[in-house]
Each structure stands twice: as structure tokens, then as C-alpha cells.
Amino acid sequence: MDNLVLAYLREYRSAMDAMKLDISSLKTRVSSLDIRTAASQLEIAHAHERHNQVDDRLNRLERRLGLRDSDD
């Protein structure tokens, strides 16, 4: 009976070790995705900022050329 219990415990420990490795791998992959997502969001923010700058310049040009009212 003792050997049977020990065999089950060894099998359980082996399965737990395998799960630990899988979870560790998943944590690494999720961290990588988080980093890439953050980098993409930062690039989008920079693109929006650049778009706003270009839009402001275009508005100034249109006002100077009399193509737009100064109210806008």
C-alpha cells in the first residue's frame, strides 16, 4: 500500500513540475506580449501627436492664405 501511495505522489510531483515549466513559459510569453503592446501603443501616441502638429500647421496656413476663418 505504501508503495502505491508513493508511486501516486511521484506521478503527482512529476505532473506538477511539468505544469510549473508550462506556466513559466506562459508567463514569459505574456510578458513579451505586454512589452510589444506597450510599444505599439507608444508608437500610436507618437503618430497622433505628429498628426495633431501637422493639423495645427495646416490650419495656420489656411488662415494665413485666407482659406479659413480665424474662428476655427
Nearest 0.5 Å please: distance from the [atom1] atom of [X] over to the [atom2] atom of [Y].
X	Y	atom1	atom2	result
Leu6	Arg13	CG	CZ	9.5 Å
Asp55	His48	CG	NE2	13.0 Å
Leu9	Met16	CG	CE	12.0 Å

Using a 4.5 Å cut-off between side-chain heavy atoms of Ile, Leu, Val, Met, Phe, Trp and Tyr, which other residues end up in the same hydrophobic cluster as [X]?
X	result
Tyr8	Leu4
Leu65	Leu67
Val54	none

Please report, to 0.1 Å, the donor-acceptor pairs under 3.5 Å made by any side chain of residues 17-31, with sequence neighbours excluded.
from, atom 1, to, atom 2, distance (Å)
Thr28, OG1, Ser24, O, 3.1
Ser31, OG, Lys27, O, 3.0

Donor-acceptor pairs are to be reported for all side-chain atoms of residues 33-46 against protein atoms at under 3.5 Å, with residues two or more places apart or in another chain.
from, atom 1, to, atom 2, distance (Å)
Arg36, NH2, Ser32, OG, 3.3
Thr37, OG1, Leu33, O, 2.8
Ser40, OG, Arg36, O, 3.1

Are any of the side-chain heavy atoms of Arg60 and Arg57 separated by less than 4.5 Å?
yes
Is it the case that atom CD in Gln53 sees more than 12 heavy atoms from other parts of the structure closer than 6.0 Å?
yes
Which residues pass the side chain to side chain contact (heavy atoms under 4.5 Å, CB included) test with Arg64, sequence neighbours left out?
none
